[in-house]
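Written below as structure tokens is the structure these notes are about.
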Amino acid sequence: MQEFPMERPDTDIGLRKLVLYREEIVIEAGTPPARPVQQASVAAVLRNPWLGTPPSQELAEEQRRIGPVLAKLLTDRLGEALGGVSAIEAFGKAAVVGTAGEIEHAGALIHTPHFGNLVREFLAGESIICFADARAAAGQTLVVPLWHKTQAATRSHYQTVRARVPDAPRPDELVVIAAASTGPRPHARIGDRTTDPVVTAATAHAARLEAVPS
């Protein structure tokens with residue numbers, strides 16, 4: 001785990017820290033993968049700007065103000081960690097709200113074009129970004145799903161990254177995460193949606209009958 005020192009405290013968005021996780025799978029099932037792949041996640045810990053507001057509170061103003069800043073901070077560091085934007089093949093996003101906040105606050109920054117569209121642009125993607133959000137106490141692990149940044153139907157890149165910040169989110173905080181991978185799962189071999197046969201309830205039933213020994 002790496003914590004980035006702040007060149008300047010970004011008090012405008014209530015940022016407390018940025019945390020990077022990076023890993024490379026060297027052996028899977030006793031065999032090196034055909035392609036060495038690195039995964040990384042970058043988490044921003046910030047004050048919840050909507051804490052104490054009622055459910056009727058409009059969220060758009062803070063989304064517009066905070067989302068672009070977070071998108072740039074997180075994608076810059078993902079690129080640095082994984083060898084540049086061109087090396088990144090899969091991406092995902094996530095958010096965790098502390099226990100004093102609403103579950104809606106968890107997704108309020110990531111489910112907006114002011115964050116999602118910019119993450120996609122900065123990472124040279126085209127696909128919708130898959131996501132996770134939750135409310136949790138500090139230190140809980142969140143599983144962040146990833147898929148291919150330009151070809152979402154590519155099953156080899158369906159994978160997950162586990163992200164955790166030991167002291168966040170505090171009850172009055174949010175953790176916003178961007179994650180990425182430089183390639184597919186180790187030994188991916190379950191086919192692809194673009195080459196799958198047509199499967200319906202009827203064809204699946206027929207295939208089961210054919211598989212039963214006579």
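Only heavy atoms go into these numbers, but all of them, side chains included; no hydrogens, no water, no symmetry mates. Keep in mind the model is a prediction, meaning the values are calculated, not measured.
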task: Given side-chain contact (heavy atoms from CB on, under 4.5 Å), test E121 with T75 step by step and report yes or no.
output: CA-CA 10 Å; E121 178 180 342; T75 56; over 6 Å; no
task: Inspect the contact between E173 and R16 and indicate whether a charged nitrogen and a carboxylate oxygen are less than 4.0 angstrom apart.
output: yes
- prompt: Mind checking whether L70 and L20 sit in one hydrophobic cluster, side chains of I, L, V, M, F, W, Y counted as touching below 4.5 Å?
  reply: yes
- prompt: Would R65 and E62 pass as an ion pair if we require N to O under 4.0 Å?
  reply: yes
task: Taking the side chain as every heavy atom from C-beta outward, state whether W147 and S127 have any pair of such atoms under 4.5 Å apart.
output: yes
statement: Between E24 and P36 the two heavy atoms that sit nearest each other are OE2-CB, 3.5 Å
- request: Could you tell me whether the side chain of L59 reaches within less than 4.5 Å of the side chain of L109, counting heavy atoms only?
  value: no
message: Less than 4.0 angstrom from a charged side-chain N to a carboxylate O is my criterion; do R22 and E80 meet it?
response: no
message: Measuring from atom CZ of R170 to atom CZ of R47, what distance do you get when rounded to the nearest 0.5 angstrom?
response: 12.5 Å
query: Is a side-chain N or O of Y21 found less than 3.5 angstrom from the main chain of R164, in a donor-acceptor match?
result: yes
task: Report the distance from atom CZ of R35 to atom NE2 of H187, rounding to the nearest 0.5 Å.
output: 13.5 Å
- request: Evaluate side-chain contact (heavy atoms from CB on, under 4.5 Å) for N48 paired with E102, printing each intermediate quantity in order.
  value: CA-CA 10 Å; N48 182 345; E102 281 184 61; over 6 Å; no
- prompt: Hey, mind stepping through E61 and R64 against side-chain contact (heavy atoms from CB on, under 4.5 Å) and telling me if it holds?
  reply: CA-CA 5 Å; E61 181 179 351; R64 288 192 298 267; 4.0 Å; yes
field: Pair K93 + D133, salt bridge at N-O below 4.0 Å
entry: no
message: I'd like to know if the side chain of Q159 pairs up with that of Q39 as donor and acceptor (distance under 3.5 Å, no hydrogens or angles considered).
response: yes
field: Min side-chain heavy-atom separation P186-V37 under 4.5 Å
entry: no
field: Which atom of A44 lies closest to which atom of L15, heavy atoms considered
entry: CB-CD1, 3.8 Å
query: Do you know which two heavy atoms are closest between S181 and L82, and how far apart they sit?
result: N-CD1, 4.3 Å
task: Locate the shortest heavy-atom distance separating A95 from A106; write the atom from each residue and the value.
output: CB-O, 2.5 Å
- prompt: Hey, what do you get for CG (L174) to CG (L46), rounding to the nearest 0.5 Å?
  reply: 5.5 Å
message: Can a donor-acceptor pair be found, under 3.5 Å and without considering hydrogens, that links the side chain of R135 to the backbone of G101?
response: yes
- prompt: For T150 and G125, which heavy atoms make the closest approach, and how far apart are they?
  reply: CG2-CA, 4.3 Å
message: So for atom CZ, which belongs to R162, do other residues, nucleotides or ligands contribute more than 12 heavy atoms lying within a distance under 6.0 Å?
response: no
field: Derivation of the side-chain contact (heavy atoms from CB on, under 4.5 Å) call for I27 and T31
entry: CA-CA 5 Å; I27 297 289; T31 306; 5.9 Å; no
field: Check: R77 and L73 side chains under 4.5 Å, non-hydrogen atoms
entry: yes
message: Quick one, E89 with H157, criterion side chain to side chain donor-acceptor pair (under 3.5 Å). Give me CA distance, side-chain angles, the key distance, then yes/no.
response: CA-CA 8 Å; E89 295 185 6; H157 288 62; 2.6 Å; yes
- request: Evaluate whether atom CD of Q38 has more than 12 neighbouring non-hydrogen atoms of other residues, nucleotides or ligands under 6.0 angstrom away.
  value: yes
message: Counting C-beta onward and ignoring hydrogens, is there a side-chain heavy-atom pair between L74 and V119 closer than 4.5 Å?
response: no
field: Distance (rounded to the nearest 0.5 Å) between N117 CG and I128 CD1
entry: 10.5 Å
Gap between atom CZ of R155 and atom NE2 of H148 - 0.5 Å precision: 14.5 Å
query: Do F122 and V85 have side-chain heavy atoms sitting under 4.5 Å apart?
result: no
message: Is any side-chain heavy atom of V42 closer than 4.5 Å to one of I177?
response: no
message: Checking the side chain of E126 only, and the main-chain atoms of K149 only, is there a donor and an acceptor separated by less than 3.5 Å?
response: no
- prompt: Roughly how far, to the nearest 0.5 Å, is the CZ atom of F91 from the CD1 atom of I129?
  reply: 4.5 Å
ring-ring contact (aromatic ring centres under 6.0 Å, His included) against W50, all qualifying residues, sequence neighbours excluded: H105
- request: Determine, using the 4.5 Å side-chain heavy-atom cutoff (strictly less than), whether I13 and L118 are members of one ILVMFWY cluster.
  value: no
- prompt: Under 4.5 Å between any side-chain heavy atoms of P184 and T154, yes or no?
  reply: no
- line: Closest heavy-atom pair, L78 versus A40, reported as atoms and distance to 0.1 Å, is CD2-O, 3.7 Å
